[in-house]
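First up is the structure itself, then whatever we jot down about it.
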Amino acid sequence: MTIRSFVLRQGRITSGQERALAEHWPRYGLDVDENLRVDAASLFGDARELILEIGFGNGESFVQMAEAAPQQGFIGIEVHRPGVGHALVLAAAAGIDNLRVIRHDAVAIIRDHVPDGALNRVQIYFPDPWPKARHHKRRIVQRAFTDLIWRKLRAGGEIHCATDWKNYAEWMRDVFAGDPKWQNLGGADGFAPCPDWRPQTKFERRGERLGHSVWDLRYRKTET
């Protein structure tokens, strides 16, 4: 798999985010090496449900979800250093321990470090839409990627996506609709109501004020 769905931008990092990376990475961060194993027993010492989020941005909604469900384990993957730093600030302020963060390419982590059947839910919220047609091949939701996620989910596990780009929402719907390994949990149009566990981000709230729509898509793994 060679999907490269992100561009590593040099965002400005604040002194607080730098300090959080130095102080809180040992508590929440996972270093990537050949020994990294992303499953509940390895990370939390029990058999709790494991939720993995790809591209958590500044970590606002990701940390809120972890704080609201302390019985679950949350793994967040994000490549942008300022966002990781901000997530660590929020996690430390909340005093939670059911969250871990990885700064790396999500596809490589999922492929090489997540055992098959280890995840209960995968979340992809507002991924880069790559709106130009010639860039659509860089969108993360492709058949090869959903096949990978299917293997890593437990039986009955779920993938939940959200986007504010209608074209990308239709693209994702079509990828899943053509694959019998997935059961649509939404309506006849392929879209689902936003579930209670996904809090709105400040960017989403701003978009709603500007009249932008958001589409949620939820699919359950089925056995074939």
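For the pairing with Leu119, the side-chain contact (heavy atoms from CB on, under 4.5 Å) check across Leu52, Ile149, Ile159 returns one residue only, Leu52.
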Intermediate values then yes/no, side chain to side chain contact (heavy atoms under 4.5 Å, CB included), Leu153 and Asp116: CA-CA 7 Å; Leu153 286 171; Asp116 290 354; over 6 Å; no

Using the rule given for side chain to side chain contact (heavy atoms under 4.5 Å, CB included), can you reason through Leu36 versus Ile109, listing the C-alpha separation, both sets of side-chain angles and the distance that settles it, and then say yes or no? CA-CA 9 Å; Leu36 175 62; Ile109 293 298; 4.3 Å; yes

Before you tell me yes or no, could you show the steps for Phe145 and Ile54 under side chain to side chain contact (heavy atoms under 4.5 Å, CB included), namely the whole-Å CA-CA distance, both residues' side-chain angles and the distance that decides it to 0.1 Å? CA-CA 12 Å; Phe145 175 76; Ile54 298 171; 3.6 Å; yes

Stepwise side chain to side chain contact (heavy atoms under 4.5 Å, CB included) check, Asn184 with Phe176: CA-CA 8 Å; Asn184 174 31; Phe176 285 105; over 6 Å; no

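Side-chain contact between Leu43 and Leu30 is present, with heavy atoms from C-beta onward closer than 4.5 Å. Counting heavy atoms from C-beta outward, Ile140 and Asp128 have side chains that stay 4.5 Å or more apart. Side chains of Gln200 and Glu208 form a contact here, defined as non-hydrogen atoms less than 4.5 Å apart. In this structure, the side chains of Pro131 and Tyr168 stay at 4.5 Å or more apart for every pair of heavy atoms.
In this structure, CH2 in Trp182 is found 11.5 Å from CZ in Arg220, a value given to the nearest 0.5 Å. Here CD1 of Ile75 is found 5.0 Å from CG of Leu50. Values are rounded to the nearest 0.5 Å. Leu88 CG to Arg103 CZ: the interatomic distance, rounded to the nearest 0.5 Å, is 11.0 Å. To the nearest 0.5 Å, the span separating CG on Leu217 from CD1 on Ile124 amounts to 10.5 Å. Taken to the nearest 0.5 Å, the NZ atom of Lys221 stands 5.0 Å off from the CD atom of Glu223. To the nearest 0.5 Å, atom CZ of residue Arg19 and atom CD1 of residue Ile13 are 11.0 Å apart.
Applying the salt bridge (charged side-chain N to carboxylate O under 4.0 Å, His left out) definition to pairs two or more places apart or across chains, those involving residues 155-175 are Glu158-Arg218. Listed by first and then second residue, the ring-ring contact (aromatic ring centres under 6.0 Å, His included) pairs involving residues 13-34 amount to none (not counting sequence neighbours). Under the salt bridge (charged side-chain N to carboxylate O under 4.0 Å, His left out) criterion, the residue pairs touching residues 31-43 are Arg37-Asp39, with sequence neighbours excluded. A salt bridge (charged side-chain N to carboxylate O under 4.0 Å, His left out) check over residues 45-65, counting only residues at least two apart or in different chains, returns the pairs Asp46-Arg48, Glu60-Arg205. Every pair passing side-chain hydrogen bond (donor to acceptor under 3.5 Å, both in side chains) that includes a residue from residues 83-99 is listed here, sequence neighbours excluded: Arg27-Asp97.
Heavy-atom minimum distance, Tyr125 versus Cys161: CD2-C, 4.4 Å. For Gly59 against Ala87, the heavy-atom pair with the smallest separation is CA-CB, 3.9 Å. Closest of all the heavy-atom pairs between Gly16 and Val89 is O-CG2, 3.9 Å. Pro180 approaches Thr222 most closely through the heavy-atom pair O-OG1, 3.1 Å. Nearest heavy-atom pair, Ala66 versus Leu99, reported as atom, atom and distance to 0.1 Å: CB-CD1, 3.9 Å. Ala118 and Val38 make their closest contact through CB-O, 4.0 Å (heavy atoms, listed as atom of the first residue, atom of the second, distance).
With sequence neighbours excluded, no residue forms a ring pair (Phe, Tyr, Trp, His ring centres under 6.0 Å) with His212. Listed by chain and residue number, Phe62 satisfy the ring pair (Phe, Tyr, Trp, His ring centres under 6.0 Å) test with Phe56 (two or more places apart in sequence, or in another chain). Residues passing the side-chain contact (heavy atoms from CB on, under 4.5 Å) test with Arg154 are Asn120, sequence neighbours excluded. Residues passing the side-chain contact (heavy atoms from CB on, under 4.5 Å) test with Asn167 are His136, Arg139, sequence neighbours excluded. Glu18 meets the side-chain hydrogen bond (donor to acceptor under 3.5 Å, both in side chains) test with Arg81; sequence neighbours excluded. Applying the side-chain contact (heavy atoms from CB on, under 4.5 Å) test to Val175 and every residue at least two apart in sequence or in another chain returns Val141, Thr146, Trp171. The side-chain contact (heavy atoms from CB on, under 4.5 Å) search around Ala69 returns Gln71, Gln72, Phe74, not counting sequence neighbours.
Annotation for Asp196: atom CG does not count as buried by contact number, only 12 or fewer foreign heavy atoms lying within 6.0 Å. Within a 6.0 Å sphere centred on CH2 of Trp215, heavy atoms belonging to other residues, nucleotides or ligands number more than 12.
Between the Lys152 side chain and the Gly117 main chain, no donor and acceptor come within less than 3.5 Å of each other. Between the side chain of Glu78 and the backbone N or O of Gly83, no donor-acceptor pair lies under 3.5 Å.
Ion pairing of Glu204 with Arg209 is absent here, as no side-chain N (NZ or NE/NH1/NH2) approaches a carboxylate O to less than 4.0 Å. A salt bridge between Asp147 and Arg143 is present, with a side-chain N of the basic residue lying under 4.0 Å from a carboxylate O of the acidic one.
Taking the six-membered ring wherever Trp is involved, the centroid distance between the rings of Tyr219 and His160 does not fall below 6.0 Å.
No continuous path of hydrophobic side-chain contacts links Ile51 to Leu185 [ILVMFWY only; heavy atoms under 4.5 Å].
Checked by atom type, the side-chain pair Gln123/Arg121 shows a donor-acceptor distance below 3.5 Å.
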